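Data block below; observations after.
As the structure is a computational prediction, the values presented were derived from the model and not from experiment.
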Amino acid sequence: VVGAGGELGDSARTTSPGIDLGAAGTLLVDVDGVGAAGRVAVGGHVDFGGTLDTVTSFVPTYGTTFPIATYGSGSGTFDRLGTTGTQYEATYGPTQLTIAVLKASGVTLAADPPGPTVSGQPVTFTATVAAVPPDTGTPTGSVELFDTGLSLGTAPLDASGHATFVVDDLLVGTRHLSAEYLGAPTFGHATSSTVDRVVQKTSTTVALTSTPNPSLAAEEVTFTATVGIVAPGSGTPTGDVVFKEGAVVLGTVPVGASGRAELVLSTLHVGSHDVIAAYSGDSRRGVATSPAVVHTVTGVAVSSSTSVS
């Protein structure tokens, strides 16, 4: 019990190698999470090498009671508590602080395919979590994947200690991926080394058509540019398409949700017109230009009300 009716909240973690409650301290040992039935009271001076230091800067005082989960029997011997780097899980309840001594875990992160990829290309990241010797067992729980500090989500560990993520929306550039094991009742948190991933803009294509072709002078002509994504990239292109005849810009049209941009003209003069469509690209997709389409205007449109002699 902390103080007289004192209440504590939140949770904390420490990697302190030990705890020193002093001569007046009392420990309640919860052996491997058995609960009240497995608790053993240990009194007197218990020195594990240092004072408890949590991220909330809570420092226990003499007379504080700590239910502590540890490995081993209920004899009051505390295996591993004096080991440098031992991780503790501290949980604050309304009237007590419970500290679990956690097994050490390690995380490795691998990517498939291993080399540079393009935007929209699916990449499979596999996090493998295992006990660090001399600890044994298979960790359970979940892993969270991060891209340059931004969470990409969590995935559960399977029976072999693997968590799998399939990601196809990494931003273009050099990304820094890491995996954090979120811990379990008997295993501590762990973070993998950073895996760098180069993501390039995906290649695109542009197909251009004109309708009707040939057309009559002053008749409306629709130029349609369709922007395609080259595999293994994916996604919907954004940005603009510029329609040009030589150096003359005929018009600029944003790409729609269908990947098409349409320009309607009725001002083309009689003759042949070599028209191209140039896609400007966006943050994830590269630029592309269509092959030229030769559009022919063959004469003057005749109104239905005009008589011809």
Side-chain angles (χ1 to χ4, degrees), residues 9-19 29-34 48-58 60 66-72 78-93 97-114 123-167 170 174-197:
D10 210 350
S11 63
R13 182 170 298 103
T14 177
T15 54
S16 169
I19 177 174
V29 181
D30 180 352
V31 181
D32 280 338
V34 171
F48 301 135
T51 58
L52 180 67
D53 179 19
T54 70
V55 294
T56 56
S57 300
F58 175 78
F66 297 90
I68 293 185
T70 186
Y71 310 122
F78 301 89
D79 329 270
R80 302 183 66 259
L81 283 185
T83 303
T84 300
T86 296
Q87 191 174 90
Y88 305 87
E89 185 81 17
T91 304
Y92 297 85
L97 167 63
T98 301
I99 303 175
V101 185
L102 304 177
K103 294 182 180 182
S105 60
V107 187
T108 57
L109 182 63
D112 182 34
V123 181
T124 300
F125 293 96
T126 301
T128 302
V129 183
V132 176
D135 286 329
T136 59
T138 301
T140 59
S142 299
V143 172
E144 188 167 9
L145 183 66
F146 291 89
D147 171 15
T148 319
L150 176 67
S151 175
L152 299 181
T154 60
L157 289 173
D158 62 20
S160 299
H162 300 109
T164 302
F165 303 81
V166 178
V167 182
L170 291 175
T174 301
R175 315 308 304 168
H176 309 290
L177 284 297
S178 62
E180 180 184 356
Y181 171 51
L182 302 180
T186 56
F187 278 92
H189 288 224
T191 302
S192 72
S193 299
T194 299
V195 172
D196 290 339
R197 162 66 49 160

Q. For the side-chain contact (heavy atoms from CB on, under 4.5 Å) test, which of Val107, Thr138, Thr108 pairs with Val129?
A. Val107
Q. Any donor and acceptor pair, going by atom type alone, linking the side chain of Ser160 with main-chain N or O of His162 inside 3.5 Å?
A. no
Q.
Applying side chain to side chain contact (heavy atoms under 4.5 Å, CB included) to Thr148 and Leu150, what does each step give before you reach the verdict?
A. CA-CA 6 Å; Thr148 319; Leu150 176 67; over 6 Å; no
Q: Find the distance between CG (Asp112) and OG1 (Thr126) and round it off to the nearest 0.5 Å.
A: 7.5 Å
Q: Kindly indicate, with the supporting measurements, whether the criterion side chain to side chain contact (heavy atoms under 4.5 Å, CB included) is fulfilled by Leu145 and Thr154.
A: CA-CA 6 Å; Leu145 183 66; Thr154 60; over 6 Å; no
Q | Distance in Å, Phe146 CZ paired with Ser178 OG, rounded so as to fall on 0.5 Å steps | A | 6.5 Å
Q. Closest approach of Glu144 and Ser151, non-hydrogen atoms and distance?
A. OE2-OG, 2.6 Å
Q. Has the side chain of Ser105 got a donor or acceptor atom that lies under 3.5 Å from a matching backbone atom of Ala130?
A. no
Q. Can you find a pair of side-chain heavy atoms, one from Phe125 and one from Leu152, that are under 4.5 Å apart?
A. no
Q. For Pro156 and Ser142, which heavy atoms make the closest approach, and how far apart are they?
A. CA-OG, 4.0 Å
Q: Verify side chain to side chain contact (heavy atoms under 4.5 Å, CB included) between Val123 and Val166, making sure each step is shown before the conclusion.
A: CA-CA 6 Å; Val123 181; Val166 178; over 6 Å; no
Q: Please list, chain by chain and in numerical order, all residues satisfying side chain to side chain contact (heavy atoms under 4.5 Å, CB included) with Thr140, sequence neighbours excluded.
A: Ala184
**Q.** Side-chain heavy-atom pair His176, Asp147 within 4.5 angstrom cut-off
**A.** no
Q. Taking atom CZ of Arg175 and atom CG of Asp196, what is their separation to the nearest 0.5 Å?
A. 10.5 Å
Q: For side-chain hydrogen bond (donor to acceptor under 3.5 Å, both in side chains), just list the numbers for Thr191 and Glu180, CA-CA rounded to whole Å, side-chain angles, deciding distance to a tenth of an Å, and then say yes or no.
A: CA-CA 4 Å; Thr191 302; Glu180 180 184 356; 4.8 Å; no
Q.
Pair Leu109, Thr128 - check side chain to side chain contact (heavy atoms under 4.5 Å, CB included), show working.
A. CA-CA 7 Å; Leu109 182 63; Thr128 302; over 6 Å; no
Q: Check Ala131 against Asp135 and note the closest heavy-atom contact, atom names and distance.
A: CB-O, 3.7 Å
